[in-house]
S.K.: 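Can you read through this structure? Questions will come right after.
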Amino acid sequence: MNAVSMVIGAICILMIAYRLYGTFMAAKVLKLDDSIPTPAHELEDGKDYVPSNKWVTFGHHFAAIAAAGPLVGPILAAQFGYLPGLLWLLIGAVIGGAVHDMVVLFASMRKQGKSLSEVAKEELGPVAGFCTGLAMLFIITITMAGLSMVVLHALENNPWGTFAVGITIPIAMGVGLYHKKTGNLKVATTVGFILMMIGVFSGPYIQGTVLGDWLTLDASTLAIMLPIYAFFAAALPVWLLLAPRDYLSSFMKIGVFIALIIGVFVINPAIPFPAVTEFINGGGPILAGPVWPFISITIACGAISGFHAFVGSGTTPKMINRWSDIKSVGFGAMLVECLVAIMALIAATALQPGDYFAINSTPEVFKTLGMEVVHLPELAQQIGLDLEGRTGGAVTLAVGMTYIFTKIPWFENMAAFFFQFVIMFEAVFILTAIDAGTRVSRYLIQDFFGEIYKPLKRVDWIPGSIFASALACFMWGYLLFSGDIGSVWALFGVSNQLMASIGLIIGATIILKIADKRRYMLTCLIPLIYLFITVNYAGYWMITNVYLNVEAKGYSVMNASLSIIMLVLGMIIMVAAIKKWIEMWNNPRTKLDSSKGATASA
């Protein structure tokens with residue numbers, strides 16, 4: 001197997017899926033109608049509800065959903081070989097992820113951009129709505145703290161990365177102000193992108209300077225600064241910081257992977273990894289469980305991810321200019337993210353298996369595998385960093401991309417630069433999800449606690465926005481600063497895919513209500529059945545084999561209790577949905593006033 005074949009095949013499949021399945025979902029299943037005003041127009045307030053150019057919205061949405069998942073997940077899952085990850089990415093993204101993102105975005109827009117918990121309450125009843133809201137608050141807090149830890153460790157004592165990431169904030173605000181005043185997106189984009197690239201490539205020159213010393217920050221300082229930044233990103237008008245920063249960052253994200261695709265075509269690296277490894281039945285040094293269900297738990301973003309439901313029912317539905325934009329923003333961004341994940345998988349599997357496992361295993365564990373490193377000592381010397389035992393996936397991606405880029409004759413002596421650039425790139429990649437995720441968390445808090453104090457539900461009420469933003473940042477910021485998130489991070493894989501199941505449940509309910517043909521509900525039911533079974537089995541496996549196994553490294557009664565609570569919440573929501581589906585199926589359907597852009601069940 002060679003990398004070019006994988007890239008060409010993946011691009012062809014994804015393009016065909018977008019043209020055929022995406023169009024079918026838009027025209028036949030969801031019946032998108034541009035004659036109806038979107039919530040961004042109906043509720044335009046210049047702060048949260050802001051009609052935005054399709055490509056600005058695409059850039060924001062893609063930047064927000066494409067966090068650590070499509071980078072780290074495929075790299076960790078390479079333990080099973082290249083084939084399981086490749087198949088899950090392509091099948092999961094087309095049949096599951098793209099449909100999930102599209103229907104969640106549509107469902108939220110039908111309810112004026114409300115969060116998924118509010119949509120669940122209206123569609124499935126108060127019990128399901130409460131359970132959904134509770135699950136979403138839990139998952140988003142864990143997600144923000146976990147993602148922030150990745151950024152924290154990437155920027156710790158790294159002035160180059162801190163400068164490159166930090167400079168995007170004033171640049172984005174300048175772009176937002178200029179675009180708001182003039183409406184000229186091309187000039188704003190061009191100038192903003194050039195300034196951002198200057199900032200990125202200036203990074204190495206500030207090291208050793210006074211500015212570099214100021215930006216050499218320890219973990220504790222960064223753990224305070226990240227929530228402060230997220231507070232402003234959540235509280236300020238979306239057009240001022242969040243949208244333009246995500247929009248500009250998306251250029252770098254997509255640009256880097258386009259460069260990686262070009263690099264793959266230039267050198268056409270062989271894939272020395274086997275299609276499947278000896279660890280598909282479990283017992284691997286990175287992931288203890290078997291290939292199923294853990295391939296679908298480890299690779300979340302890139303195939304299907306519940307985190308996307310936060311963005312799709314948070315910031316993005318308040319920015320969509322036309323209903324037809326849902327296809328490119330919801331369906332299209334998911335497929336682009338899938339391609340990003342496939343390129344990450346290629347970067348990992350282009351390494352020799354011995355090199356890959358040496359990076360992702362502790363030295364003690366690696367000694368037991370009977371493998372030998374091949375190119376790793378040479379790469380470590382070129383990069384100037386000891387690479388063995390750097391688990392977690394981020395370093396593997398940087399090493400894999402560096403290995404590919406330095407095979408191009410012009411770049412053979414630039415290993416250190418490429419490695420540091422990719423580490424910084426990963427930090428920017430993830431930080432865009434943190435700011436959008438915090439804003440979504442703010443909306444969730446306003447919806448959830450607005451049941452107790454009604455003014456909180458108004459997103460345009462400034463005191464409520466400030467309170468909810470501060471509370472959201474405090475919750476995940478506390479976990480980040482204290483480090484307690486490490487004890488529950490293993491829950492994220494299961495809880496994230498449980499959130500995706502909830503999104504598909506809502507989507508199936510909406511489709512059953514509005515579609516001309518009830519069988520269109522299968523577009524959500526098929527991936528839902530697979531994912532729900534997978535999530536519950538994975539949760540059961542972790543509880544019995546790890547959390548309640550006193551001999552396991554991850555033994556934790558607390559993790560077991562939290563897992564059970566999450567699975568029970570998911571089961572309650574599923575039961576409520578099935579009852580609702582039976583009721584809707586047995587009753588004649590009626591249509592609401594078309595001016596509302598929706599239909600409803602009897």
S.K.: In Å, rounded to the nearest 0.5 Å, how long is the span from OH of Y547 to CD1 of I543?
M.R.: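 One gets 8.0 Å once the value is rounded to the nearest 0.5 Å.
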S.K.: Checking side-chain polar atoms at under 3.5 Å, does W323 have a donor or acceptor matched by the opposite partner on T38?
M.R.: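 No, no side-chain donor-acceptor pair sits under 3.5 Å.
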S.K.: Nearest 0.5 Å, what's the CG-OG distance between L32 and S324?
M.R.: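 The CG atom of L32 sits 7.0 Å away from the OG atom of S324.
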S.K.: Centre-to-centre under 6.0 Å for F24 and Y520, is that the case here?
M.R.: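 Yes, they do, as the ring centres are separated by less than 6.0 Å.
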S.K.: Could you check whether Y530 and W88 have their ring centres less than 6.0 Å apart?
M.R.: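 Yes; Y530 has its ring centre under 6.0 Å from that of W88.
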S.K.: Report the C-alpha distance between K28 and D516 in whole Å, list the side-chain angles of each, state the deciding distance to 0.1 Å, and finish with yes or no for salt bridge (Lys or Arg N to Asp or Glu O under 4.0 Å).
M.R.: CA-CA 8 Å; K28 296 293 186 180; D516 294 329; over 6 Å; no
S.K.: Fit a plane to each ring of F58 and F62, take the angle between them on a 0 to 90° scale, and name the class: parallel (under 30°), tilted (30 to 60°) or perpendicular (over 60°).
M.R.: parallel
S.K.: Is there a side-chain contact between F331 and D101 (heavy atoms, below 4.5 Å)?
M.R.: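 No, too far: nothing below the 4.5 Å cut-off.
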S.K.: Give a yes or no on this: more than 12 heavy atoms of other residues, nucleotides or ligands lie within 6.0 Å of atom CD of Q112.
M.R.: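 No, CD of Q112 has 12 or fewer neighbouring heavy atoms, counting only those of other groups under 6.0 Å.
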S.K.: Taking the side chain as everything from C-beta on, heavy atoms only, tell me whether T438 gets closer than 4.5 Å to F231.
M.R.: no
S.K.: Does NZ or CZ of K327 come closer than 6.0 Å to the centre of the six-membered ring of Y18, within 45° of the ring's axis?
M.R.: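 Relative to the ring axis of Y18, which defines the angle, K327 lies inside both limits.
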S.K.: Against K513, only a single residue in E583, E122, E123 fulfils salt bridge (charged side-chain N to carboxylate O under 4.0 Å, His left out); can you say which?
M.R.: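 Looking at E583, E122, E123, the match for K513 under the salt bridge (charged side-chain N to carboxylate O under 4.0 Å, His left out) is E123.
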S.K.: Take atom CE in M225; do more than 12 heavy atoms of anything else shown fall under 6.0 Å from it?
M.R.: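 Incorrect, the count does not exceed 12.
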S.K.: Closest approach of C524 and G507, non-hydrogen atoms and distance?
M.R.: SG-C, 3.7 Å
